[in-house]
Amino acid sequence: MDDWEEDQSPVVSCSSGFGLGSNGSDGGFKSFYTGGAGNDKSNSEGTEGSSWKMTGDSFRGRGGRGGSRGGRGGFSGFKSEIDENGSDGGWNGGESRGKGRGGFRGGFRSGSRDENDENGNDDGWKGGESRGRGRGGFGGGFRGGFRDGGNEDTGRRGFGRENNENGNDEGEGRGRGRGGFRGGFRDGGGDESGKRGFGRGGFRGRNEEVFSKVTTADKLDQEGSENAGPKVVYVPPPPPEEESSIFSHYATGINFDKYDDILVDVSGSNPPKAIMTFEEAGLCDSLSKNVSKSGYVKPTPVQKHGIPIISAGRDLMACAQTGSGKTAAFLLPILQRFMTDGVAASKFSEIQEPEAIIVAPTRELINQIYLEARKFAYGTCVRPVVVYGGINTGYTIREVLKGCNVLCATPGRLHDLIGRGKIGLSKVRYLVLDEADRMLDMGFEPEMRKLVASPGMPSKEERQTLMFSATYPEDIQRMAADFLKVDYIFLAVGVVGGACSDVEQTIVQVDQYSKRDQLLELLRATGNERTMVFVETKRSADFIATFLCQEKISTTSIHGDREQREREKALSDFRLGQCPVLVATSVAARGLDIEQVQHVVNFDMPSSIDEYVHRIGRTGRCGNTGRAVSFFNPESDTPLARSLVKVLSGAQQVVPKWLEEVAFSAHGTTGFNPRGKVFASTDSRKGGSFKSDEPPPSQTSAPSAAAAADDEEWE
Ligand SMILES: Nc1ncnc2c1ncn2[C@@H]1O[C@H](COP(=O)(O)OP(=O)(O)OP(=O)(O)O)[C@@H](O)[C@H]1O
């Protein structure tokens with residue numbers, strides 16, 4: 001990536017006001033405009049840091065902010081946006097064109113709204129254009145055109161046409177740029193839509209909200225700094241206040257009691273004895289009440305073992321199958337300790353020092369963990385807070401400063417708040433890594449190392465570190481040991497990396513071109529049952545969602561190119577059954593606990609077997625049964641065959657003959673016993689016996705290459 005690209009601040013949102021400006025460096029120029037309402041427009045060039053502000057009479061909120069940042073010798077990018085409450089209507093547009101090194105690179109994005117929803121989110125239409133030439137040619141792009149993203153009450157004026165209930169956007173794009181074109185007409189709607197437009201093709205403009213990895217996330221939401229990237233305006237709806245919603249839960253399934261039969265392996269010196277009931281956990285009254293209000297009658301194995309281990313002050317690396325209650329396994333003992341020892345009373349302070357920090361890889365997952373923490377802490381003095389990217393920083397900071405005992409965070413936003421001096425680490429007693437293998441893989445490992453090395457963070461000897469996942473590649477286990485005390489306990493419930501046996505897994509051999517028809521057939525057969533369809537790239541998520549909508553299957557989608565507001569709306573529509581089909585990338589593969597997901601479809605096979613295990617684990621949770629159908633294309637998915645056979649066998653599933661043959665032919669037969677004991681519950685300190693059969697990276701499958709190209713959307 002060249003310097004210029006690193007300098008880009010993706011456009012996050014656009015809404016009201018009209019802004020035009022630029023903010024350059026290195027011999028470029030810098031200017032900034034904060035505009036109020038309507039058509040006000042500023043175009044300031046060549047002024048270092050000039051700025052002006054106005055507040056529109058007719059609008060309550062601060063107006064849009066527009067700016068374009070330029071790299072050396074030019075400028076690029078544009079953003080326009082609203083304030084955190086987004087209460088202002090009007091319209092907004094922005095344009096930027098500029099010269100980059102050796103050429104132009106620029107962008108334009110404009111937006112407008114007619115009416116806001118209650119959160120002030122920008123519905124209505126948005127349009128945008130970005131044009132420009134980068135080094136040696138075009139590096140700009142276009143995204144937008146007309147975008148009509150409203151709900152029923154919005155988005156009916158302006159240029160946008162009436163949109164579907166899902167708020168999917170329709171846009172027109174034109175442009176040239178490196179890598180082609182993305183735009184054209186995009187129409188991703190529900191029943192009423194999806195008929196117009198040319199889909200999304202080719203080019204992908206650069207100034208979109210695309211990456212939410214830490215480095216970008218740090219830039220994303222910086223507020224109050226002219227040098228910063230665009231301000232994120234989204235403020236999520238407040239969490240439920242009524243007890244019935246806080247404690248709403250789904251019933252455990254018929255296989256819940258079978259959890260007791262799962263083999264458990266606890267290794268490490270002097271592990272505390274498991275508990276058999278919640279009463280034995282010694283929870284205080286409030287917690288006990290909250291546990292029963294949550295519908296928990298008896299602990300799952302990971303809770304039976306995990307709770308006493310954590311209560312005894314031991315570090316823990318725990319592996320248990322998807323949907324088996326890992327979240328409560330770490331939350332309950334932490335909260336109990338806080339109740340026993342006391343925590344700082346929640347009160348406003350310019351810096352908050354949480355006693356527990358929980359990190360997870362995606363925004364939706366950390367929010368879910370927060371809601372669980374809030375549920376179990378209900379009626380106690382412990383205040384959990386959640387922070388994640390894609391929502392307004394000012395709002396987030398205000399929430400944190402009100403008091404924070406348990407901080408649930410995605411890494412990018414966590415580091416941002418630490419950097420701003422809003423979070424101090426010196427009181428941290430618990431550090432929890434949920435989806436620990438993901439938190440320690442290449443993407444997040446540096447962030448985690450940075451976190452534990454941050455000023456004030458107690459050393460591993462002085463804090464308790466807890467790691468949870470359903471999968472633990474051995475190399476990650478070894479690395480995880482760097483974060484844990486030497487005598488940590490390794491807890492494996494069932495087979496490490498094994499799939500949940502309550503999910504009936506079917507592998508269907510397909511070729512690339514028959515997948516869509518097969519998906520359609522399958523979804524027509526499942527009717528209104530809730531189904532998650534996993535695809536490998538963000539682009540195909542949009543494409544498949546659009547296709548299904550055109551086929552009158554009410555579908556929504558979630559992936560990292562969608563704004564946070566859209567992501568949360570999609571999830572909520574899916575949860576509520578308004579859209580029974582959710583097309584998702586791996587951003588939704590881990591941790592999400594959604595009631596009544598009966599089916600998972602792997603439209604594209606994932607590139608790793610662990611990802612497969614997490615994806616299919618979105619169904620068959622908490623003793624309920626579920627089904628997973630996976631489209632296996634031998635042309636691209638063969639490298640996964642052998643691991644897949646093992647996972648199927650390990651979960652007592654039927655292994656198709658053809659898959660065994662593919663697995664044999666791909667890897668030879670030495671030592672291959674598809675029916676044998678396929679996994680061991682293995683602590684890597686014992687030498688380990690879990691060996692991945694996935695090929696080394698050079699042999700990765702086509703989807704994984706595609707995914708790499710599309711990049712992924714972890715927070
Ligand atoms: N002891 C229990 N009794 C009844 N329900 C439970 C119990 N423990 C957890 N649950 C419920 O089971 C569901 C799955 O729990 P949770 O999300 O913690 O699973 P998980 O192991 O973290 O899954 P994943 O690996 O997918 O992250 C949740 O709805 C949770 O409330």
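Indexing begins at 1, ligand by ligand and atom by atom, following the structure's order.
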Can you tell which part of K326 has a heavy atom less than 4.0 Å from ligand 1: side chain, backbone, both or neither? both

Closest non-hydrogen protein atom to atom 23 (O) of ligand 1, residue and atom name please, with distance? G323 N, 2.8 Å

Could you measure the distance from the CG atom of L582 to the OG1 atom of T555? Nearest 0.5 Å is fine. 9.0 Å

May I ask you to identify, for T322, whether its side chain, its backbone, both or neither come under 4.0 Å of ligand 1 on a heavy-atom basis? both

When you look for heavy atoms under 4.0 Å from ligand 1, do you find them on the side chain of Q303, its backbone, both, or neither? side chain

Does ligand 1 have any atom sitting under 4.0 Å from a heavy atom of G617? no

Atom 6 (C) of ligand 1: nearest protein contact (heavy atom, Å): Y296 CE1, 3.3 Å

Return the closest protein heavy atom for atom 4 (C) of ligand 1 as residue, atom name and distance. T252 CG2, 3.3 Å

Going by heavy atoms, is E435 under 4.0 Å from ligand 1? yes

For atom 26 (O) of ligand 1, what's the nearest protein heavy atom and its distance? R621 NH1, 2.7 Å

Residue-ligand contact K298/ligand 1, heavy atom below 4.0 Å: yes

May I ask you to check whether S540 and E536 show a side-chain donor-acceptor distance below 3.5 Å? no

Would you say T619 and H599 are linked by a side-chain donor-acceptor pair, where the criterion is simply a distance under 3.5 Å? no

Regarding Q464 and Y488, is there a side-chain donor-to-acceptor distance under 3.5 Å anywhere? no

With a 4.0 Å cut-off on heavy atoms, is Y250 touching ligand 1? yes

Check F278 against ligand 1 and report side chain, backbone, both or neither, counting heavy atoms closer than 4.0 Å. side chain

Looking only at side chains, do E568 and Y234 share a donor and an acceptor under 3.5 Å apart? yes

Closest to atom 12 (O) of ligand 1 among protein heavy atoms sits C622 SG, 3.1 Å

Could you find the nearest protein heavy atom to atom 28 (C) of ligand 1 and give me its residue, atom name and distance? D593 OD2, 3.0 Å

Do D542 and S557 make a side-chain contact, defined as non-hydrogen atoms from C-beta onward lying under 4.5 Å apart? yes

For L407, the option from V386, L414, I366 that meets side-chain contact (heavy atoms from CB on, under 4.5 Å): L414

What part of H249 sits under 4.0 Å from ligand 1 if we count only heavy atoms: the side chain, the backbone, both or neither? neither

Would you please indicate if the ring centroids of F603 and F534 are separated by under 6.0 Å? no

Location of contacts on R618 toward ligand 1, heavy atoms closer than 4.0 Å: side chain

Look at atom 18 (O) of ligand 1 and say which protein heavy atom is nearest, naming residue and atom and giving the distance to 0.1 Å. T327 OG1, 2.6 Å

Decide whether the shortest distance between a heavy atom of Q321 and an atom of ligand 1 is less than 4.0 Å. yes

D261 atom CG, over 12 foreign heavy atoms within 6.0 Å: yes

Note: ligand 1 atoms sitting under 4.0 Å from heavy atoms of S324 are 19 (O), 20 (P), 21 (O)

